[in-house]
Amino acid sequence: MRKKIIAANWKMNMTVAETVSYLESFRTNVEAVNGVEIVIAPPFTAIAKLSELLGGSQKISLGAQNMYFEMSGAFTGEISPAMLRELFVRFVILGHSERRQIFGETDALINKKVHTALACGLKPIVCVGETLEERDAGRETEILTTQLRGSLAGVPAEKISSIVIAYEPVWAIGTGRNATPEQAQDAHAHVRKVLAEISDAETANKVRIQYGGSVKPANAAVLLSQPDIDGALVGGASLEAHGFSEIVKAAVGK
Ligand code: 13P
């Protein structure tokens, strides 16, 4: 059984002050919820405060939205895995489509980051997903295969199982248009098939694959009931504590 994992990607939102009041209500909302892993990935400026407030919580893990693949040095504007580890960050989102599209990140760069994250004890949440143009051309599985093979190149099977994959169709991000449960399930099954080719079937079975793209309290339960959907990576709807806690509860059927 794969434990469901629900992650908040706050993107470039939330000040430190907003983070403090959010956590207060979110914690109360999920107090009685068990059996699901919760991750919050705030902007870098709120990580230290959130880390202090969480105090090593087992229920809510800290995530980062990005990192560089070097440990330190002359890399203006970047954040290293060592800096994240110091603040007890456990997960790091890598290769989000906004990083790929707006900041030109390639599979080769993402691959370097994946290797460094694993070497430093951070669990990568590796994002993959096709654009609308690619889906309309019937190329979604080909794109997923290329992104997975490129970003996971050289990662040994024993490390693949600690990676989380997020399938985020670009056309569903921030558009209010989510993939249907069937479309998402088909894509997730394909991701698992590629993971089995890269490693082996047993390893691929252990990997948690999140769906991301306009997940809301109203559609979370049906998406999460699909056999290969093991969680959600939530953008817009994670910015509101009550709504995000409803999505978390959908993962455990409460
Ligand atoms: P939305 O939930 O706002 O569509 O964003 C999804 C996403 O990109 C999460 O990483």
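Atoms within a ligand are numbered from 1 in the order they appear, just like the ligands themselves.
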### Query
Are E37 and K3 close enough for a salt bridge, meaning some N to O gap below 4.0 Å?
no

Using a cut-off of under 3.5 Å, which N/O atoms of ligand 1 pair up with protein N/O atoms, and what distance separates each pair?
residue: ligand 1; atom: 2 (O); partner: G235; partner atom: N; Å: 2.9
residue: ligand 1; atom: 3 (O); partner: G236; partner atom: N; Å: 2.8
residue: ligand 1; atom: 4 (O); partner: G174; partner atom: N; Å: 2.7
residue: ligand 1; atom: 4 (O); partner: S214; partner atom: N; Å: 2.8
residue: ligand 1; atom: 5 (O); partner: K11; partner atom: NZ; Å: 3.3
residue: ligand 1; atom: 8 (O); partner: K11; partner atom: NZ; Å: 2.8
residue: ligand 1; atom: 8 (O); partner: H96; partner atom: NE2; Å: 2.8
residue: ligand 1; atom: 8 (O); partner: E168; partner atom: OE1; Å: 3.3
residue: ligand 1; atom: 10 (O); partner: N9; partner atom: ND2; Å: 3.0
residue: ligand 1; atom: 10 (O); partner: H96; partner atom: NE2; Å: 2.9
residue: ligand 1; atom: 10 (O); partner: E168; partner atom: OE1; Å: 3.3
residue: ligand 1; atom: 10 (O); partner: E168; partner atom: OE2; Å: 2.8

#### Entry: Side chains of R99 and C127 in contact at under 4.5 Å (non-hydrogen atoms)
no

### Query
Hey, are D107 and R100 close enough for a salt bridge, meaning a charged N less than 4.0 Å from a carboxylate O?
yes

### Query
Taking R192 as the fixed residue, which of D186, D230, D200 is the one that meets the salt bridge (charged side-chain N to carboxylate O under 4.0 Å, His left out) rule?
D230

#### Entry: ring pair (Phe, Tyr, Trp, His ring centres under 6.0 Å) partners of residues 163-203, not counting sequence neighbours, each pair once
Y167-H188

### Task
Calculate, to the nearest 0.5 Å, the distance between atoms CG and CG belonging to L152 and N111 respectively.
7.5 Å

